[in-house]
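The first residue in the sequence is number 1, and the count goes up from there. Whatever order the structure lists ligands and atoms in, that order sets their numbers, starting from 1.
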Amino acid sequence: MRICIINTGGTISCTGQPLVPMPSDRFAAAVRDLLGPALAASLPGLRLHFDTGLRFSDQGPGTLDSTDLRPSDWCRMAARVLDLYDDHDAFVILHGTDTMDYSGAALPLLLNVFDDLGLARAALSKPVILTGAQLPLLRETPQGLVLNAGSDALANLSGALAMTRLRLPEVALYFDGRLWRGSRALKVSTRRLAGFASPHLPSLAEAGIGIWHGAAAPLPGPASPAQALDDPAARALVRAQLEAVAQGIDRQRVVQIPAVPADHRSAAPLLAQMIEGALASGATGLVLEGFGEGNIPAGDGAMRQALLHAQAQGVTTLIASRAIGGTVGAFHYAAGAWIVDTGAIAAGDMTPVAALAKLMILQAAAAHHGWDRSTLAALLTRSLVGESALQDRMTGPLWPGQALSAADGALRLWNDPDDGPVLRDGGQVLWQGAGPGRLQMLDGRLVLIAHDGARLWTSPPAVAGAVPVLTAHPPVLRLIDPSGRVAPVTALPG
Ligand code: ASP
């Protein structure tokens, strides 16, 4: 396997006091000299190439503390992967830990292209693994650079390289023995070597004595060779999107505002004022971090006014949770339910980090793709690259107790454990299934299967590999074929 190592900077490649990342070529030469033989011996079959061609600006050493990375730098990293795609089987990106989770959320959205239903038109087909360290890999001494013996950097670098062997076709983040989906990870510690966690998704893989797959299912990768980035036509789609995003993303001013305990009923409700202040200073999007399930003090109506004001100005608001592991959307409490009709969009189980990166990138890509506001809102809700729990489509059986929710409206398919599947549009029941069981795709048909294996209902045939997707406009469960075409609308069971 040919592995390309791209260095963006961060602690792993830092020296000095205070720490500053060294230029890529110096770091690459030192790693080759000091560690080349050891890496080659412990990773047989991997051919390593150190790329030193990434630049974040026309000047400087080409590496940065990740604190200083701009959103357009996410595009530069993605463009470098595209440039080198044909020559390598996997990419390991060395990155500072401070904003590695932002890059982990941004890169998959930049290396895949979707249609309005969130189905892939072009898809990443090779591993792209971000890693870094809490302590530098190398140490400067009077005799020159030496290995920093107490650092986690060598274990993270060699672990990330080993993980490429699993050939998972997604952007992942490797740290302290765990491979996380990049868009699900969060930096959780500046002291522990386990610097990242993934509150909503277990690991994709783990390393110890060897490496093994984790509990999270990897992304499926391209459905056909024509969609894979190996195909120049698919790559051209990604490149065109990337150029459009790179042009506009630094003009995106997405502001993240946490709910805070305060006297929000006073004459000057603090949170509402913060939102108005953000709007006045040109915010193009808002990510609010509510308490718990996204609850936000209503402030005697001032917050509602502020959110309606944002909506009227065309500024999209995402409501995420400050709780690590919080999920927003059910709004079980009156303290949050008032938000539902303000036009603000619930972020589901997306981390605030992923919500911010997604809002920026989708808004920067909207004109290029011709997405209007409602398409944008639906795409923000849909899981595009596994950044949130799948809600509007089935990739496995829909078991009793599970539900699908359309991203573009109130349509919901709930698999009632007692009565079986029921399709509701708001309060109106559109269809009630033929009894309890699991809904599952079998041989290109959607089938309702009872506990004893009896088929209670079978849909007309669809294209093999079709995925059921629930859409509110029109209100149907559609079967979409793997190349992204909408297969004939399937009549729901009756
Ligand atoms: N400030 C550093 C960075 O994010 C921290 C690290 O890499 O651990 O670049």
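In terms of protein heavy-atom proximity, atom 8 (O) of ligand 1 is closest to Thr97 OG1, 2.5 Å.
Between Glu140 and Arg26, at least one side-chain nitrogen of the basic residue sits less than 4.0 Å from a carboxylate oxygen of the acidic one, meeting the salt-bridge criterion. Residues Asp51 and Arg80 are paired through a salt bridge, judged by an N-O separation under 4.0 Å between the basic side chain and the carboxylate. Between Arg184 and Asp101 there is no salt bridge, since none of the side-chain N atoms of the basic residue sits less than 4.0 Å from a carboxylate O of the acidic one. Salt bridge status for Arg239 with Asp83: present, with a side-chain N to carboxylate O gap under 4.0 Å.
When Leu94, Asp65, Leu19 are checked for heavy-atom proximity to atom 2 (C) of ligand 1, Asp65 turns out nearest.
Using a 4.0 Å cutoff on heavy atoms, Ala133 counts as a contact of ligand 1.
Those atoms of ligand 1 with a heavy atom of Gly96 less than 4.0 angstrom away are 3 (C), 4 (O), 7 (O), 9 (O). Short contacts between ligand 1 and Gly10, defined as distances under 4.0 Å to a heavy atom of the residue, involve ligand atoms 7 (O), 9 (O). Within ligand 1, counting atoms from 1 as listed, the ones closer than 4.0 Å to a heavy atom of Ser66 are 3 (C), 4 (O), 9 (O). Each of the following atoms of ligand 1 lies closer than 4.0 Å to a heavy atom of Thr11: 2 (C), 5 (C), 6 (C), 7 (O), 8 (O).
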Discussion item. side-chain hydrogen bond (donor to acceptor under 3.5 Å, both in side chains) for Glu206 and Ser203? Distances and angles first, verdict last.
Written reply: CA-CA 7 Å; Glu206 294 189 26; Ser203 63; 3.3 Å; yes
Discussion item. Test salt bridge (charged side-chain N to carboxylate O under 4.0 Å, His left out) on Arg2 and Asp87; report intermediate values, then the result.
Written reply: CA-CA 8 Å; Arg2 301 157 304 167; Asp87 300 330; 5.3 Å; no
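The shortest N or O to N or O distance between His95 and ligand 1 is not below 3.5 Å. Below 3.5 Å of separation, one finds no N or O of Lys187 facing any N or O of ligand 1. At under 3.5 Å, not a single nitrogen or oxygen of Ile12, backbone or side chain, sits near a nitrogen or oxygen of ligand 1. On a distance-only criterion, Thr99 and ligand 1 share no N/O pair closer than 3.5 Å.
Residues passing the side chain to side chain contact (heavy atoms under 4.5 Å, CB included) test with His369 are Val113, Arg121, Gln241, Ala365, Trp371, sequence neighbours excluded.
Heavy-atom neighbours of Arg322 CZ from other residues, nucleotides or ligands within 6.0 Å: at or below the threshold of 12.
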